[in-house]
Amino acid sequence: MQNQSNYIVEVTDLKKSYEKVDAVKGVSFSVSKGELFGLIGPDGAGKTSIFRILTTLMFPTDGQVSVLDFDVIKDYKKIRSNIGYMPQRFSLYQDLSVEENLAFFARIFGTTIEENYDLIKDIYVQIEPFKDRLAGKLSGGMKQKLALCCALIHSPDVLILDEPTTGVDAVSRKEFWEMLIRLKDKGITILVSTPYMDEANLCDRVALIQNGEIMSIDTPEKVIENFGRKLWAVKSDKIYQLIKDLKSLEFVDTVFPFGEFLHITLKTEDLNQDELISILTENNHKGIQIQVIEANIEDCFMQLMSTSE
Amino acid sequence: MKKILYILQKEFIQVFRNKTMLPLIFGMPILQLLVLVNAATLEMKSIDMYVVDKDLSSLSHKLINKFEGSPFYHVSGVSFSIDEANEAIEKNQADFIMHIPYGFERSLMRENSTQVQLLIDGINGTAASLINAYSSSVINSFNRNIIVDLTKMPQIKELNPIAVETSYWYNPELNYKIYMLPGILVILVTVISMFLAAMNIVREKEIGTIEQLNVTPIKKFEFIIGKLVPFLIIALFEMAFGLLIGKLLFDVPMVGSLGLLFGFTVVYLLVVLGIGLFISTISSTQQQVMFISFFFMLVFILMSGIFTPTESMPLWAQKVNIINPFYYFMRVIRMILLKGSGFWDISREFFSLLIYAIIILSLAVWRHRKVA
């Protein structure tokens, strides 16, 4: 590529406003060549807006955005030939067969299935037995694979995937991420968004995004390191009462439910496990389990969210 | 340019894979032409007549017989009371009353003139004036014979010094079917092309495939040509199919050049497809397309002159018709098929539509960019 800078995607102070809401409020980030970059955040955080601007489907309200050193406003046509985009919603032709869809998108990009077969081979072999089946009749996981094939068929330099694993079962999700990592190894730069925090660990770098603002950009390990506090997992028989009690305790900072445990941080580092148990026993809690745990991305996210509020 | 071919190929696969499309393309013209051409008639048959004969003379019987003998009339009731007759009209059992007053025959004998009263249900103005015209002509011809009968003298000469000889050009038998068929064909071709094109594009929006297409390097004109050409071809096929039905089943005359007709159809379809495309750019669901195009379609069809001549519309309505594509095609298809008009006869309509096509297509293309 004709890259002058080292960055494949460069976003500076991007803003996007719709009629009533500001969806993206001044976001900056950059993605290097060959990186697997994750945009992690809940629904409505602005992930799709950012991706739609990167894929030139939408103009930014303000700010500089370039993909492969092309400006998204001036050179949108050049960007389109070199990116692969997989929208959040399955948007292939349901009334065309698997093979017809793939062939159509290949031809539209001026190539053929055969020419870039190497790139999609790993994925396509899984759906090839169903190549005559209409795309609308495929299962969710199959649809994702087909959509990925269609986004890859013209051998793009950048792959932009908007929540590819939303609504897909756990096994297919795992498979899908394995495919992404293999693609990354082939040198394709990948931007992926997801609301699932556990997927963040698979990215090279992640941007945690909330309400149109990026709270943190770093490698998943660094994000966790930056948590920098002792995190406790607490459990008792009456979990709801436990939340209420913990929140009323003065030395407790944050309480977030995580599955069957509550993750809490304390304002003081002085208390130890036994002291905590005795305080909770005083409040009539039984079956108390308590331990110090490693923070995960979601904990970091929740912490960043509560501090930004 | 090759990309257009790929889009066309894709569109045709989708059109023919759609289970409702083939019946629509082949079934609709047969059904519509068969049903509508025969049903949408301005002729009156079996007019329900209520007779109030207070005279009961041989003359009044002769008059009633004259009506009964006609295939257009059916005597639905007889009474002496005009009130009962009125009731029959109110109950919709009769279309009109013929009231023969007492002394009908006598007054003719003595005073050489007499009276008959016709009371016509005027709810449907067109029907009422037709009934009036038919009945008057029956009574008139009865009139002429009476003079011969009563005076028992052979009539020497036609009484009217000026004889009016009427002959109808282009449709000598006033066969309404050959007038209606081209009109219905126009509607058919328009519905097929406008609806299908608009629905097709909006469907891509609804399913989200337009997003996937927009990130490809397809150029806008390639996309639009790829979307419009399939429906242009289908509509032209529809036109040929409809004409074939017209020829075989209704023996519609085709005096003019078919080449000219199809040439004009292409220009017309550009306008219609342009409108369809424009509608698709301002709507985001198929439902909206349905409502918007249905609204325009209804107004355009009723103002197009399919039933009533546009010349008899108020001046403002004739001005509105300038933007009514149906109006041009309705005139031209009849002119070419029935009259055999040549290019110069229809050049005004041809160039008007050409300008129209350019305007609406550019408008649609311009709007399309804003959406994409």
Side-chain angles (χ1 to χ4, degrees), chain A residues 48 51-59 67 70 72 75-97 99-112 132 134-137 143 146-151 153-154 156 158-162, chain B residues 1-25 196 199-227 229-231 281 284-286 365-372:
Chain A
T48 299
F51 277 7
R52 283 173 59 90
I53 289 167
L54 289 178
T55 51
T56 73
L57 286 171
M58 209 159 66
F59 286 151
V67 178
F70 297 120
V72 285
D75 290 322
Y76 69 94
K77 282 181 183 156
K78 288 176 188 149
I79 295 178
R80 287 180 181 184
S81 316
N82 293 309
I83 58 166
Y85 173 49
M86 194 173 142
Q88 191 170 353
R89 199 160 54 127
F90 180 70
S91 21
L92 300 176
Y93 294 97
Q94 314 246 2
D95 49 357
L96 292 185
S97 72
E99 200 178 19
E100 282 164 348
N101 265 302
L102 196 57
F104 175 69
F105 283 102
R107 286 166 176 171
I108 288 297
F109 279 101
T111 177
T112 55
D132 293 324
L134 296 188
K137 300 229 163 82
K143 279 183 181 169
L146 175 58
L148 186 59
C149 284
C150 287
I153 192 62
H154 57 291
V158 190
L159 197 56
I160 297 178
L161 312 165
D162 194 1
Chain B
M1 286 310 276
K2 253 180 152 181
K3 285 175 191 161
I4 295 178
L5 282 180
Y6 299 136
I7 301 175
L8 284 182
Q9 184 192 12
K10 185 213 82 174
E11 292 300 330
F12 274 112
I13 293 178
Q14 287 182 302
V15 164
F16 289 109
R17 196 164 282 169
N18 188 335
K19 286 198 179 69
T20 55
M21 281 304 273
L22 287 182
L24 197 73
I25 292 172
L196 291 187
M199 297 281 258
N200 183 285
I201 296 171
V202 171
R203 214 169 83 97
E204 296 237 7
K205 278 197 206 174
E206 269 187 356
I207 307 176
T209 45
I210 198 129
E211 294 266 279
Q212 200 84 59
L213 277 186
N214 283 343
V215 291
T216 67
I218 296 183
K219 293 190 183 67
K220 193 171 24 162
F221 81 92
E222 291 172 331
F223 175 77
I224 285 171
I225 292 175
K227 279 294 180 191
V229 167
F231 299 105
T281 61
S284 43
T285 64
Q286 297 191 54
V365 170
W366 169 75
R367 274 282 322 187
H368 182 74
R369 181 191 56 191
K370 286 187 94 177
V371 175

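Throughout, protein chains are lettered first and strands after them, A, B, ... in sequence-line order, and every chain is numbered starting at 1.
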Looking at NZ of B/Lys10 and CD of A/Glu100, how far apart are the two atoms once the value is rounded to the nearest 0.5 Å? 11.5 Å
What part of B/Gln9 lies closer than 4.5 angstrom to a heavy atom of chain A: side chain, backbone, both or neither? side chain
Closest non-hydrogen contact found for A/Thr55 with B/Val215 is O-CG1, 3.7 Å
Considering non-hydrogen atoms only, spot the tightest contact between B/Gln14 and A/Tyr93 and give its length. NE2-CD2, 3.1 Å
Supply the atom-to-atom distance B/Ile207 CD1 to A/Gln94 CD, rounded to the nearest 0.5 angstrom. 6.0 Å
With a 4.5 Å heavy-atom cut-off, do B/Glu211 and A/Arg52 have their side chains touching? yes
Least distance between heavy atoms, B/Ile7 atom then A/Phe104 atom: CA-CE1, 4.0 Å
Could you pull out the closest heavy-atom pair between B/Gly208 and A/Ser91, with the gap in Å? O-CB, 3.0 Å
If you look at every heavy atom in A/Ile108 and B/Lys3, which pair is closest and at what distance? O-CE, 2.9 Å
How many angstroms lie between CG in B/Asn214 and CZ in A/Arg80, if you round to the nearest 0.5 Å? 6.0 Å
Tell me, for A/Arg89 versus chain B, whether the close heavy atoms (under 4.5 Å) come from the side chain, the backbone, both or neither. side chain
Could you tell me which portion of B/Ile210 (side chain, backbone, both or neither) has an atom closer than 4.5 angstrom to a non-hydrogen atom of chain A? neither
With a 4.5 angstrom heavy-atom cut-off, is it the side chain or the backbone of A/Ile79 that approaches chain B, or both, or neither? neither
Distance check, rounded to the nearest 0.5 Å: A/Phe105 atom CZ versus B/Leu213 atom CG? 5.5 Å
Least distance between heavy atoms, B/Arg17 atom then A/Leu96 atom: NH1-CA, 3.5 Å
